[in-house]
**Student:** 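Take a look at the following structure, please.
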Amino acid sequence: MKKIMKFFDVIYYNLYLFFKKTGEIEESAALFAMVFCFEFMISGILLSVCKILNVNIKYSILYVIFVLYLIIWFLLELRYLRKDKYMSIVRKKPIIKSKKVSKIITIVFIILSLIPLFVLLPIVCSFR
């Protein structure tokens, strides 16, 4: 469990650095990006399972995805913003092996989370 939390901290820290460089210095911007990455992954898995099982759920899937989004947002906000954990993460500067490896892991995580947007679009359109 600690390794998973460290992985989340590394992703949050690298997203925080990215938004700091772009001029968006709010802590919630990194959290917002992290929530959407997780949500894209989860909704992609959910839509794939529904398609594989040949479940025709039409528009109710949007409600499920929205509720999942709210749950993920609440849990990550509770972890980082409400407990002011983000300040200790920024001070610690968590990395995995090196800064370069940490940045590569974060970029791969973001790319993997965006794949469902492009690959699963035909699946979502087929629910009509």
Side-chain angles (χ1 to χ4, degrees):
M1 189 67 168
K2 278 190 168 189
K3 290 185 179 186
I4 293 173
M5 290 301 138
K6 183 175 180 174
F7 176 73
F8 289 168
D9 293 347
V10 168
I11 291 173
Y12 180 83
Y13 178 68
N14 285 318
L15 288 172
Y16 177 82
L17 290 179
F18 172 76
F19 284 110
K20 187 176 177 182
K21 284 182 182 178
T22 60
E24 184 72 37
I25 50 175
E26 289 186 28
E27 301 81 23
S28 60
L31 181 70
F32 188 71
M34 199 168 157
V35 168
F36 270 100
C37 287
F38 282 117
E39 183 56 33
F40 290 148
M41 282 184 186
I42 291 173
S43 30
I45 292 169
L46 184 65
L47 289 170
S48 298
V49 167
C50 290
K51 186 64 178 180
I52 290 170
L53 297 176
N54 204 12
V55 176
N56 192 4
I57 49 179
K58 294 203 178 203
Y59 296 107
S60 60
I61 190 70
L62 295 176
Y63 298 119
V64 172
I65 290 173
F66 181 71
V67 169
L68 284 173
Y69 170 77
L70 291 177
I71 291 170
I72 292 170
W73 179 269
F74 176 74
L75 292 175
L76 289 177
E77 184 175 327
L78 185 67
R79 168 133 173 94
Y80 292 106
L81 295 184
R82 292 202 179 151
K83 293 182 179 179
D84 288 335
K85 174 95 174 164
Y86 72 93
M87 288 305 291
S88 65
I89 290 172
V90 171
R91 283 188 206 116
K92 276 194 240 177
K93 301 177 183 178
I95 58 169
I96 298 175
K97 296 193 179 189
S98 69
K99 284 185 179 183
K100 191 179 248 183
V101 172
S102 294
K103 287 180 182 182
I104 290 171
I105 288 173
T106 304
I107 291 169
V108 168
F109 173 76
I110 292 170
I111 290 171
L112 287 176
S113 67
L114 293 177
I115 287 175
L117 282 177
F118 303 107
V119 174
L120 297 173
L121 187 61
I123 293 174
V124 174
C125 294
S126 70
F127 280 133
R128 291 184 180 186

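Reckoned from all heavy atoms, side chains included, excluding hydrogens, waters and symmetry mates.
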**Student:** Taking side chain to side chain donor-acceptor pair (under 3.5 Å) as the test, write out the residues that go with Thr106, two or more places apart.
**Tutor:**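 Once residues adjacent in sequence are excluded, the partners of Thr106 under the side chain to side chain donor-acceptor pair (under 3.5 Å) criterion are Asn14.
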**Student:** Below 4.5 Å, heavy atoms only, C-beta onward: do Val10 and Ile105 meet side chain to side chain?
**Tutor:**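 The answer is no; the side chains never approach within 4.5 Å.
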**Student:** For Phe38, which residues count as a ring pair (Phe, Tyr, Trp, His ring centres under 6.0 Å) partner, sequence neighbours excluded?
**Tutor:**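 Phe38: ring pair (Phe, Tyr, Trp, His ring centres under 6.0 Å) contacts with Phe8, Phe109.
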**Student:** Looking at every heavy atom in both Leu68 and Glu39, which two are closest together, and how far apart are they?
**Tutor:** C-OE1, 3.5 Å
**Student:** Where do Met34 and Leu76 come nearest, in terms of heavy atoms and distance?
**Tutor:** CE-CD2, 4.2 Å
**Student:** Going by the rule side chain to side chain contact (heavy atoms under 4.5 Å, CB included), which residues pair with Phe74 if we only count those two or more places apart in sequence or in a different chain?
**Tutor:** Leu78, Arg82
**Student:** Can you tell me how far apart CD1 (Ile107) and CD1 (Ile11) are? Round to the nearest 0.5 Å.
**Tutor:** 11.5 Å
**Student:** Can you name the residues that form a ring pair (Phe, Tyr, Trp, His ring centres under 6.0 Å) with Phe36, not counting sequence neighbours?
**Tutor:** Phe32, Phe40, Tyr69
**Student:** Scan residues 107-119 for pairs that pass side-chain hydrogen bond (donor to acceptor under 3.5 Å, both in side chains), counting only residues two or more places apart or in two chains.
**Tutor:**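 Applying side-chain hydrogen bond (donor to acceptor under 3.5 Å, both in side chains) to every pair that reaches into residues 107-119, excluding sequence neighbours, yields nothing.
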**Student:** Among residues at least two apart in sequence or on other chains, which ones pass side chain to side chain contact (heavy atoms under 4.5 Å, CB included) with Ile104?
**Tutor:**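 Ile104: side chain to side chain contact (heavy atoms under 4.5 Å, CB included) contacts with Lys100, Val108.
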